[in-house]
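Just so you know, these numbers come straight off a predicted model, no measurement behind them.
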Amino acid sequence: MFLDIHEIGREGLDFDTRVQLAELEGPGAERIPVRAARLHGRAVRGKRGVELRASLEATVELRCSRCVEPFAAPLAADFFLRLVPEAVEFGFGETRMDPEEATLFYTRDGKADLDAMAAEQMYLCLPLKPVCEQGCRGLCPVCGANRNRAGCRCRAEELDPRLAPLLQFRRKDGGT
């Protein structure tokens, strides 16, 4: 769905739409399926463009960073963007960005693509290390078994690599 910023008057425009995204691009070649995404909000003409306040709700299929099992993760975000016509000139050589510029969303021909806007907000909401549940026990580092499904009998000694040089003193003393 597109939002034409030239057709939005002072009274504003309310919208509530399902976002048409099949999947997002994850790290590497991984695809992240999007099950249900809904975008709703209000667009009002302001002094410097159209001010858009919106909420995004979606469910995405992620892989747990501990046990590598797929799980459904809800995403929710409230955001504010200022919709402006596409920029013709950019300031090259500038190294600092004004915080207000982070809220700008450039529109091509005055039409804001709500699907692209929702995808951008979903990327910002994705967790860096998704976890299926708070108490996920992950995979056994020795045999690779999923510790959430079955216990393994492996005995993995966890050793802080910073303390590895002290092992020589333990071995000299007769310890193992």
Side-chain angles (χ1 to χ4, degrees), residues 1-136 138-139 146 148:
M1 178 179 165
F2 287 92
L3 196 63
D4 191 340
I5 65 172
H6 301 298
E7 294 179 3
I8 298 173
R10 290 264 180 223
E11 68 279 357
L13 173 72
D14 292 320
F15 61 92
D16 187 353
T17 183
R18 290 229 175 261
V19 180
Q20 301 301 317
L21 293 173
E23 56 189 22
L24 299 173
E25 216 175 292
E30 183 183 350
R31 297 286 183 207
I32 301 171
V34 178
R35 284 200 208 143
R38 186 173 151 245
L39 185 66
H40 57 93
R42 180 164 179 74
V44 178
R45 183 161 299 285
K47 293 178 185 173
R48 296 177 18 174
V50 173
E51 296 176 354
L52 180 122
R53 293 189 188 284
S55 295
L56 171 72
E57 295 148 6
T59 302
V60 294
E61 185 86 17
L62 298 174
R63 287 207 174 269
C64 179
S65 61
R66 293 181 189 166
C67 68
V68 198
E69 292 291 325
F71 70 100
L75 298 179
D78 294 326
F79 60 95
F80 170 81
L81 293 174
R82 188 178 314 276
L83 308 177
V84 294
E86 191 170 38
V88 177
E89 192 175 316
F90 292 99
F92 292 107
E94 294 182 24
T95 56
R96 229 173 145 174
M97 187 168 115
D98 184 5
E100 189 173 299
E101 290 179 36
T103 63
L104 293 180
F105 189 86
Y106 295 105
T107 62
R108 176 167 280 153
D109 299 325
K111 292 183 173 42
D113 184 356
L114 293 180
D115 293 341
M117 191 181 301
E120 178 181 278
Q121 294 303 316
M122 279 191 241
Y123 279 118
L124 292 172
C125 289
L126 287 175
L128 292 176
K129 296 211 179 247
V131 180
C132 60
E133 58 186 53
Q134 191 68 22
C136 178
L139 301 176
N146 185 340
N148 297 320

Over all heavy atoms of both residues, which pair between [X] and [Y] is shortest? Give the atoms and the distance, please.
{"X": "C125", "Y": "A77", "result": "SG-CB, 3.3 Å"}
{"X": "F15", "Y": "A43", "result": "CE2-N, 4.3 Å"}
{"X": "A72", "Y": "R35", "result": "CB-NH1, 3.5 Å"}

Using side-chain heavy atoms (C-beta onward) and a distance below 4.5 Å, is [X] in contact with [Y]?
{"X": "Y123", "Y": "I32", "result": "no"}
{"X": "V19", "Y": "V34", "result": "no"}
{"X": "D4", "Y": "K111", "result": "yes"}
{"X": "K129", "Y": "R66", "result": "no"}
{"X": "L21", "Y": "M122", "result": "yes"}
{"X": "L114", "Y": "F2", "result": "no"}
{"X": "P127", "Y": "L62", "result": "yes"}

Could you measure the distance from the [atom1] atom of [X] to the [atom2] atom of [Y]? Nearest 0.5 Å is fine.
{"X": "F79", "Y": "R53", "atom1": "CZ", "atom2": "CZ", "answer": "11.5 Å"}
{"X": "L39", "Y": "L3", "atom1": "CG", "atom2": "CG", "answer": "9.5 Å"}
{"X": "M117", "Y": "L83", "atom1": "CE", "atom2": "CG", "answer": "5.0 Å"}
{"X": "E51", "Y": "I8", "atom1": "CD", "atom2": "CD1", "answer": "11.0 Å"}
{"X": "D78", "Y": "E57", "atom1": "CG", "atom2": "CD", "answer": "8.5 Å"}
{"X": "E120", "Y": "D113", "atom1": "CD", "atom2": "CG", "answer": "11.0 Å"}

Quick one: does [X]'s side chain have a donor or acceptor within less than 3.5 Å of a partner on [Y]'s backbone?
{"X": "T59", "Y": "P74", "value": "no"}
{"X": "N146", "Y": "N148", "value": "yes"}
{"X": "R45", "Y": "I5", "value": "yes"}
{"X": "S65", "Y": "P130", "value": "yes"}
{"X": "R82", "Y": "L104", "value": "no"}

Salt bridge R31-E25, side-chain N to carboxylate O under 4.0 Å: yes
D14, CG: over 12 other non-hydrogen atoms inside 6.0 angstrom: yes
Residue pair V84, F105: steps toward the side chain to side chain contact (heavy atoms under 4.5 Å, CB included) verdict: CA-CA 6 Å; V84 294; F105 189 86; over 6 Å; no
Full working for side chain to side chain contact (heavy atoms under 4.5 Å, CB included) between L56 and L75: CA-CA 8 Å; L56 171 72; L75 298 179; 5.9 Å; no
